[in-house]
Colleague: 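Mind having a look at this structure? Questions to follow.
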Protein chains: 2
Amino acid sequence: MHPPPFQGNLAQSAIRRLNALRQLSDQAIALLQQAIQQRIRRVGAGEDLACEGDSIDSVRILLSGWLCRYKTLEDGRRQIVNFVLPGDTCDAHVYLLSSMDHAIGTLTPAVYAEIPRGNFEELLAGDRSLAEAFWCETIVNIAMQREWTVNIGRRTALERVAHMLCEVFVRLQTVGLIEDNTCTFPVTQMDMADATGLSVVHVNRTLQELRNSGLIKLRDRVLTIVDAEALTITALFSPDYLYTKRPG
Amino acid sequence: MHPPPFQGNLAQSAIRRLNALRQLSDQAIALLQQAIQQRIRRVGAGEDLACEGDSIDSVRILLSGWLCRYKTLEDGRRQIVNFVLPGDTCDAHVYLLSSMDHAIGTLTPAVYAEIPRGNFEELLAGDRSLAEAFWCETIVNIAMQREWTVNIGRRTALERVAHMLCEVFVRLQTVGLIEDNTCTFPVTQMDMADATGLSVVHVNRTLQELRNSGLIKLRDRVLTIVDAEALTITALFSPDYLYTKRPG
DNA sequence: CGGCTGATTGATCCCGGTCAAATGAGGTGG
DNA sequence: CCACCTCATTTGACCGGGATCAATCAGCCG
């Protein structure tokens with residue numbers, strides 16, 4: 001299934017993502033497209049794009065595949081703090097800091113554009129709407145991270161897992177990766193556990209509950225939201241914090 | 001105790017905070033000081049500076065007192081997602097988005113500067129180091145939020161509470177509010193519970209454990225870190241994610 | 001075929017939640 | 001000065017959601 005289809009424009013998801021945050025001018029789109037096509041890289045599943053402590057001097061934009069940001073405690077406990085989906089920027093502006101505070105790993109084989117820091121700054125200087133869109137993305141990342149904090153801190157296991165699915169669903173919709181309420185969901189239950197602060201066993205049982213209640217289907221890395229409204233309600237989900245106008 | 005002492009420069013904490021992120025030029029400090037003194041506001045304890053959904057068109061910089069950012073679920077469950085300490089900016093750049101995704105409430109009476117959006121942008125345009133410092137602050141906020149996610153997701157109750165104390169301690173050190181390993185800590189156990197994702201009762205017992213182990217003293221809103229090293233170890237705390245050079 | 005990774009199931013345990021009541025420190029008004 | 005109220009902390013008893021441990025099962029690959 002992965003590697004991803006190569007027909008169509010590789011930069012499409014990034015354009016959609018940024019455009020959902022800030023209306024992009026034609027010029028912005030052209031500049032972006034050009035910058036992305038400069039250097040395309042591929043990486044396999046289960047690799048690290050960056051580790052805690054790494055220094056950063058380029059900006060990466062994910063074009064296809066899934067990544068996750070995570071941190072690890074000394075004794076091995078791991079927390080996935082967010083997913084990086086196609087169109088997302090890995091670390092815009094993080095170069096303002098000296099090094100990575102977290103790691104970024106691949107959940108699937110992935111394709112991304114790598115833009116050296118200098119080129120990225122030129123890009124931002126070249127178009128205001130583009131610069132603002134990237135900043136919006138950064139700010140939305142804080143909002144997302146806050147919601148994850150709430151999710152893990154105050155929601156029950158069932159609500160948590162449901163909420164994670166709702167968020168991913170809305171985000172994938174923005175970049176056009178949902179069809180018939182269905183998408184690929186290449187996340188092992190182990191990963192879901194690390195993302196929700198639960199144990200694998202309990203994630204398994206929670207997913208069964210969601211399936212048995214007729215809210216979702218999930219099998220072989222394919223997720224279908226069967227009853228979006230009910231899922232939203234059980235998750236106590238509201239998409240406001242994602243600040244994205246939905247397409248269509 | 002609060003209201004805060006008025007001798008000395010009110011803008012001091014903000015200068016220290018930003019300067020710890022990016023070396024500020026003399027010009028930057030002058031500009032900042034001037035912008036802050038333009039409009040100083042005060043607010044009592046237990047008030048909201050902003051609610052979820054509010055639109056934002058000014059930037060607020062906390063000069064003294066404590067605030068917290070929080071989100072509430074429909075049924076009343078509340079999660080404090082971070083504290084705002086003297087010198088911190090409430091919502092730099094958040095005006096890029098349409099509205100607040102979270103609320104900001106006061107834990108104590110507080111004093112803050114309010115800078116209208118336009119003035120703030122002038123300020124940034126006036127000095128590069130200042131603009132970068134504010135952006136750094138925003139980016140560090142993401143890093144902090146990630147660490148909170150890890151804290152709540154993967155640390156035990158004891159580790160969590162200890163970690164929260166460590167973070168606050170280091171942050172207060174940056175702005176010069178620690179003396180003899182002691183600071184005011186105006187957070188009720190109820191608030192601590194909402195910040196750590198625990199229940200009040202369990203926070204109470206956890207604090208007792210930390211006290212009985214000789215790691216901290218905490219009474220009447222005064223916190224003393226008795227054994228910083230041991231506390232750091234039990235918390236699995238590393239200050240790297242705060243990206244602040246410690247003073248001294 | 002054997003080895004590996006991921007999903008599933010069952011049994012048991014315990015960390016931390018919940019409920020309820022007591023204690024204590026201000027604060028206020030008579 | 002005292003009675004009373006409120007809010008925060010503390011304590012005790014009990015409970016339960018989710019963790020842990022341990023198999024088993026199902027694909028997939030070499």
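Chain naming here is simple, since letters A, B, ... match the order of the sequence lines and numbering starts at 1 in each.
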Colleague: Between A/W148 and A/F83, what is the ring plane arrangement, given parallel below 30°, perpendicular above 60°, and tilted in between?
Modeller: perpendicular
Colleague: Would you mind listing every side-chain hydrogen bond (donor to acceptor under 3.5 Å, both in side chains) that reaches into residues 190-199 of chain B, with sequence neighbours excluded?
Modeller: A/R154-B/D194, B/R78-B/D191, B/R78-B/D194, B/T188-B/D191
Colleague: Output all residues satisfying salt bridge (Lys or Arg N to Asp or Glu O under 4.0 Å) with B/R160, sequence neighbours left out; order by chain, then residue number.
Modeller: none
Colleague: Produce a footprint string for nucleotides 13-30 of chain D: one letter per nucleotide, 5' end first; B if the base is under 4.0 Å from any protein heavy atom, S if only the sugar-phosphate is, - if neither.
Modeller: B----BSBB---------
Colleague: Rounded to whole Å, please give me the gap between CD in B/Q189 and C1' in D/dT9.
Modeller: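 About 6 Å, once rounded to whole Å.
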Colleague: Got a donor-acceptor contact below 3.5 angstrom from the A/Y243 side chain to the B/D101 backbone?
Modeller: yes
Colleague: Rounded to the nearest angstrom, tell me the gap between atom CZ in B/R221 and atom C1' in D/dA8.
Modeller: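 That distance rounds to 7 Å.
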Colleague: Within this structure, what is the CG-to-P distance between B/N204 and D/dA8, rounded to whole angstrom?
Modeller: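 After rounding, the gap between these two atoms is 14 Å.
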Colleague: Does any pair with a residue in residues 200-229 of chain A pass ring-ring contact (aromatic ring centres under 6.0 Å, His included), and if so which ones, sequence neighbours excluded?
Modeller: none
Colleague: Going by the rule side-chain contact (heavy atoms from CB on, under 4.5 Å), which residues pair with B/C166 if we only count those two or more places apart in sequence or in a different chain?
Modeller: B/L231, B/T232, B/A235, B/F237
Colleague: Provide the start and end nucleotides, 5' to 3', of the part of DNA chain C that has atoms under 4.0 Å from heavy atoms of chain A.
Modeller: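 First-to-last contact on DNA chain C, by the 4.0 Å heavy-atom rule, is C/dG6 to C/dA11.
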Colleague: Among residues at least two apart in sequence or on other chains, which ones pass ring pair (Phe, Tyr, Trp, His ring centres under 6.0 Å) with B/F185?
Modeller: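 For B/F185 the ring pair (Phe, Tyr, Trp, His ring centres under 6.0 Å) partners, ignoring immediate neighbours, are B/W66.
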Colleague: Look at atom CG of B/D75 and say whether more than 12 heavy atoms of other residues, nucleotides or ligands are closer to it than 6.0 Å.
Modeller: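 Yes, enclosed.
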Colleague: Which whole-number value in Å describes the distance from B/Q208 CD to D/dT11 C1'?
Modeller: 8 Å
Colleague: Using a heavy-atom distance cut-off of less than 4.0 Å, which residues of residues 72-84 of chain A contact DNA chain D?
Modeller: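 Listed by number, there are none.
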Colleague: Apply salt bridge (Lys or Arg N to Asp or Glu O under 4.0 Å) to A/E137 and list each qualifying residue two or more places apart in sequence or on a separate chain.
Modeller: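 With sequence neighbours excluded, A/E137 shows a salt bridge (Lys or Arg N to Asp or Glu O under 4.0 Å) to no residue whatsoever.
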Colleague: Can you name the residues that form a salt bridge (Lys or Arg N to Asp or Glu O under 4.0 Å) with A/R211, not counting sequence neighbours?
Modeller: none
Colleague: Can you tell me how far P of D/dA8 sits from CE of B/M192, to the nearest Å?
Modeller: 12 Å
Colleague: Over the length of the helix from C/dC1-D/dG30 to C/dG30-D/dC1, how much do the five-pair end axes diverge, rounded to 10 degrees?
Modeller: 30°
Colleague: When you measure from the side chain of B/Q145 to the backbone of B/V81, do you find a donor-acceptor pair of N or O atoms at a distance under 3.5 Å?
Modeller: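 Checking the backbone N and O of B/V81 against the side chain of B/Q145, a donor-acceptor pair under 3.5 Å is found.
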Colleague: In chain order, what residues pass the side-chain contact (heavy atoms from CB on, under 4.5 Å) check against A/E179, with sequence neighbours excluded?
Modeller: none
Colleague: Is the closest side-chain heavy-atom distance between A/I225 and A/L223 below 4.5 Å?
Modeller: yes
